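Naming convention: chains lettered A, B, ... in sequence-line order (proteins, then strands); numbering from 1 in each chain. Computed from a predicted structure; not experimentally measured.
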Amino acid sequence: MTRTDPLDVPRPHAQFHFGVFFQGVNHWTIWSAPDSGSQIDPASFRKVAQTAERGLFDAFFLGEGLRLREVDGEIHDLDVAGRPDAITQLAALAAVTRRIGLVSTSNSTFNEPADLARRLSGLDLLSEGRAGWNVVTTDNAWTGANFRRGGYLDHADRYRRAEEFLTVARALWDGWDDKAVADSADAPAWSAPGAVRRVRHQGPQFDLDLAPTLPRSAQGHPVIFQAGDSGEGRDFAARNADVIFSAHGNDFDDALAFAEDIRNRLRAVGRPDDDLRILPGTEIILGATEEEAQEKKRWIRLQQVTPATALGIAGLLWGIDLSDRDADGPLPEEDPVVAENDGSFGARRIADPREVVAEWRAKAQAHRWSLRETVIALGPQRGHVGTPSALADKFAHFVRHGAVDGFNVTPYLIPDGLDDIVDLLVPELQERGVYRTEYTGTTLRDHLGLREPLTHRSAPARAHAS
Amino acid sequence: MPGPALHLAVEIDGDGSHPAAWRRAAHSPGQLLTPRRVARVAAVAENAGFTLITLDDGVLPPGAAPDPVARIGAVERAAFVAASTSTVGIAPVVPVTYAEPFHVSSQLASLDHISGGRAGWLVTEEERPEAARAWGRPPVTGTDARARASRDGVEVARALWDSWEDDAVIRSVATSRYLDRERLHYIDFTGESYAVKGPAIVPRPPQGQLVVLGEPDRVPAAQLDVALVAGRDLAAVAWAAAAAGTPRVFAEVEVALDTPDATAAERVADLERHAPWTDRGRLRHIGSGDRLVALLGELSRHVDGVRLHPLVLDEDLPVLSRLVLPALSERRHLARPLPGTSLRSTLGLERPANRFAAAAVQEEAR
């Protein structure tokens, strides 16, 4: 294959970006295979981050959970669970990586701005400008039971709090003038007089007054990620985020529609429509031939959706305990029970389970699927399956048409699940001219080709207040 | 005669324990906040044979103009240092006066995983009202209320560390179960101002419980593994050590040492032109390395270890590294940590049984 830049596409020179999502709680990471590694050993994190860096990825990404999941009041025991605190783990990875971005998912509902902004600044300085923050919110009292505030915030309030949180965090990050620190020990003072400004904030969510303790990093601010898909979430991203981590990356038309929607929202708030990177989460399954890739996918799905997991997923849909049924038998004959949401993760919001079950029955009958096969076939369709060459063509098409800017890849195996992507797929993307052949910058903001932080664009020279 | 071998700890926050230490530092002021600087100081301390490094912290700036007002969070620095060292113990200072105990517990447990069991926690307090304004929380005023906040915070963190039994991850292919939920526990902590349900999100740390250090009049002795005791002279330190009631006791000692370029007294005098060396009621040694060796020998009859607070890290750490620790070592008087050993075992402390597992066994035995 020779490099070509087709010019009859909307973005002929678009570049593809990869992040890697080291998942915490989930059933997609296969833990039962002989080469399934530890989910907590620092060596696992190091291996994944260093492999991603070898593959010139933009970012290493960690999720967050603030309470162990439960189903019907009991701790859910089928999923991978147990993980380190994200910022702490990423600070360690800053010492053993050189270029890759380090993105922490951190909750704005159960953190306080002075503390979290400072922790993120510390990560940003220790990594010399490679930190990112995936801003998430929580609305349930069940998670709140682990925190001082307890209680919960309703859906709208949690975004209001997130937005005010970001405002305060940015004020803290902007609280130091560049070159505030003396360049010699003979200077009259360590920091120039007036170069550090107190942040006094009084709002509906926060009332605080403090002196920020850190200067800006090489990239200005940590890069802001956002992952909510609701209308409020998308508007929040349009106003605040540098990167959106969506679930719209499987199907080209769906991805493009999502991207167009985000671009419209960006224009509506007065931002350039190329101001935000769209990196859907995905899984990538590679094979030397199409058949081999499909065979591998079947194996992976059976490892991910064990009989017990299939019964658990179906149980949530039906609203009844199905754990004593045969997953390899037919679908339950009962009608689903519409459960009240008790605030825990056990009761998911499903529009109308009766409709979903009717659809499942029809398809299972037509294909002679067992319950487990039905769960696999009709559950969320994840990722891209194929040969490295075919997927490289597909991804080049996605990015050149503006449907995505890249993917945040979830490896199905830890710690070696990225190896074939880095060794086989990345070179194909490079040949097509859609993937970097070396890091050209040092910061996460550089890698993603982002502009200056939102609060720091062509800012007029500010007076040294207070 | 000196007592048994001593464990040495060193506080490596900022440029040293003198507020104006930055004026004698070997780097330019801004370099203080670079990863290279953080890693280098830790590497020097590790190579010298220190058992433990501590990293001071708090939400407020570490000093006031004209001295440094910047500091990277201690947990973040500790994690970074843990990944670039292999033997030395690492204890960040984390006050829980206003912080979320659930987060603090997770961060520290993670540090223990990252360091392979070399983590400690130095519990302090946010004493000044400005700290409450920074957090946006109602002020915790008075010695008793702050001590209560520390006690509750340590209790929550310790209970959460036990909320996963050591073998809670079972990976049972036969039953599809990753976890054994019988080995996970709600802590159901209820204090005066908050409650915490649990369990933790981080599996039990490698040491079972991190080594918890603190001042015995701030944190109940029963919650401490190591008491940090101060006193202006040997007698005061000896008295405080005898009264501590904790498994291990470390004395706080501030040091300014003679260097090839200047005597300790000259160096102190130079910095005193800018600001006084804050008096915290600690034993202070200003003089030669040899005399410090003798002082440490005296102290070893009363305490298990000493935490040193060098006047200027860039000047005193090399003297400690080239003269003081080797001299102690030669006299078989320095307890050096061994690679692959947890901080707890270096200090001769047992790995604690899990409180919930122990309870389950008792239940069965009834």
(message) Between Ala182(A), Ala180(A), Ala308(A), who has the most heavy-atom pairs with chain B when the cutoff is under 4.5 Å?
(response) Ala182(A)
Donor-acceptor pairs under 3.5 Å, chain B to chain A, main chain and side chains both?
{"from": "Arg23(B)", "atom 1": "NH1", "to": "Ala185(A)", "atom 2": "O", "distance (Å)": "3.0"}
{"from": "Arg23(B)", "atom 1": "NH1", "to": "Ala187(A)", "atom 2": "O", "distance (Å)": "2.9"}
{"from": "Arg23(B)", "atom 1": "NH2", "to": "Ala187(A)", "atom 2": "O", "distance (Å)": "3.4"}
{"from": "Arg23(B)", "atom 1": "NH2", "to": "Pro188(A)", "atom 2": "O", "distance (Å)": "3.0"}
{"from": "Asp57(B)", "atom 1": "OD1", "to": "Arg118(A)", "atom 2": "NH2", "distance (Å)": "2.2"}
{"from": "Asp57(B)", "atom 1": "OD2", "to": "Arg118(A)", "atom 2": "NH2", "distance (Å)": "3.3"}
{"from": "Gly58(B)", "atom 1": "O", "to": "Arg118(A)", "atom 2": "NH2", "distance (Å)": "3.1"}
{"from": "Pro66(B)", "atom 1": "O", "to": "Trp190(A)", "atom 2": "N", "distance (Å)": "2.8"}
{"from": "Arg71(B)", "atom 1": "N", "to": "Thr213(A)", "atom 2": "O", "distance (Å)": "3.2"}
{"from": "Glu76(B)", "atom 1": "OE2", "to": "Arg119(A)", "atom 2": "NE", "distance (Å)": "2.9"}
{"from": "Glu76(B)", "atom 1": "OE2", "to": "Arg119(A)", "atom 2": "NH2", "distance (Å)": "3.0"}
{"from": "Val96(B)", "atom 1": "O", "to": "Arg148(A)", "atom 2": "NH2", "distance (Å)": "3.2"}
{"from": "Tyr98(B)", "atom 1": "O", "to": "Arg148(A)", "atom 2": "NE", "distance (Å)": "3.3"}
{"from": "Ala99(B)", "atom 1": "O", "to": "Arg148(A)", "atom 2": "NE", "distance (Å)": "2.9"}
{"from": "Ala99(B)", "atom 1": "O", "to": "Arg148(A)", "atom 2": "NH2", "distance (Å)": "2.7"}
{"from": "Glu100(B)", "atom 1": "OE1", "to": "Arg148(A)", "atom 2": "N", "distance (Å)": "3.0"}
{"from": "His103(B)", "atom 1": "NE2", "to": "Phe110(A)", "atom 2": "O", "distance (Å)": "2.7"}
{"from": "His103(B)", "atom 1": "NE2", "to": "Asn111(A)", "atom 2": "OD1", "distance (Å)": "3.1"}
{"from": "Ser110(B)", "atom 1": "OG", "to": "Asp85(A)", "atom 2": "N", "distance (Å)": "2.7"}
{"from": "Arg133(B)", "atom 1": "O", "to": "Asp209(A)", "atom 2": "N", "distance (Å)": "3.0"}
{"from": "Arg171(B)", "atom 1": "NH1", "to": "Trp31(A)", "atom 2": "O", "distance (Å)": "3.0"}
{"from": "Arg171(B)", "atom 1": "NH2", "to": "Gly37(A)", "atom 2": "O", "distance (Å)": "2.9"}
{"from": "Ser176(B)", "atom 1": "OG", "to": "Thr306(A)", "atom 2": "OG1", "distance (Å)": "3.3"}
{"from": "Tyr178(B)", "atom 1": "N", "to": "Asp77(A)", "atom 2": "O", "distance (Å)": "2.8"}
{"from": "Leu179(B)", "atom 1": "N", "to": "Asp77(A)", "atom 2": "O", "distance (Å)": "3.1"}
{"from": "Arg181(B)", "atom 1": "NE", "to": "Ile75(A)", "atom 2": "O", "distance (Å)": "2.7"}
{"from": "Arg181(B)", "atom 1": "NH1", "to": "Glu74(A)", "atom 2": "OE1", "distance (Å)": "3.3"}
{"from": "Arg181(B)", "atom 1": "NH2", "to": "Ile75(A)", "atom 2": "O", "distance (Å)": "3.2"}
{"from": "Tyr186(B)", "atom 1": "OH", "to": "Glu70(A)", "atom 2": "OE2", "distance (Å)": "2.5"}
{"from": "Lys197(B)", "atom 1": "N", "to": "Ala145(A)", "atom 2": "O", "distance (Å)": "3.0"}
{"from": "Lys197(B)", "atom 1": "N", "to": "Asn146(A)", "atom 2": "OD1", "distance (Å)": "3.3"}
{"from": "Gly198(B)", "atom 1": "N", "to": "Asn146(A)", "atom 2": "OD1", "distance (Å)": "2.7"}
{"from": "Ile201(B)", "atom 1": "O", "to": "Arg83(A)", "atom 2": "N", "distance (Å)": "2.8"}

(request) Pick whichever of Val199(A), Leu90(A), Leu126(A) has the most heavy-atom pairs under 4.5 Å with chain B. (result) Leu126(A)
(request) State, with a plain yes or no, whether a side-chain heavy atom of Ile75(A) is found less than 4.5 Å away from one of Pro199(B). (result) yes
(message) Heavy-atom cut-off 4.5 Å, strictly under: side chain, backbone, both or neither for Ala200(B) against chain A?
(response) backbone
(request) Quick one: which of Gly58(B), Ala39(B), Ala131(B), Gly191(B) has the most heavy-atom pairs under 4.5 Å with chain A, could you say? (result) Gly58(B)
(request) Could you look at Leu32(B) and say if it's the side chain, the backbone, both or neither that has a heavy atom under 4.5 Å from chain A? (result) side chain
(request) Using a 4.5 Å cut-off on heavy atoms from C-beta on, say whether the side chain of Leu33(B) contacts that of Pro215(A). (result) yes
(message) I need the residue from Gly65(A), Gly82(A), Ala43(A) with the largest number of non-hydrogen atom pairs under 4.5 Å to chain B.
(response) Gly82(A)
(request) Could you look at Phe147(A) and say if it's the side chain, the backbone, both or neither that has a heavy atom under 4.5 Å from chain B? (result) both
(message) Is Val38(B) in contact with chain A via its backbone, its side chain, both, or neither, using a 4.5 Å heavy-atom distance?
(response) side chain
(request) Go through Leu125(A), Val80(A), Ile87(A) and name the one with the most non-hydrogen pairs under 4.5 angstrom from chain B. (result) Val80(A)
(request) Side chain from CB out, backbone as N, CA, C, O: work out which of these in Ala25(B) comes under 4.5 Å of a heavy atom of chain A, or both, or neither. (result) neither
(request) Please flag which part of Ala195(B) lies under 4.5 Å from any non-hydrogen atom of chain A: side chain, backbone, both or neither. (result) backbone
(message) Minimum heavy-atom separation for Pro188(A) and Pro66(B), please, with both atom names.
(response) O-CB, 3.6 Å
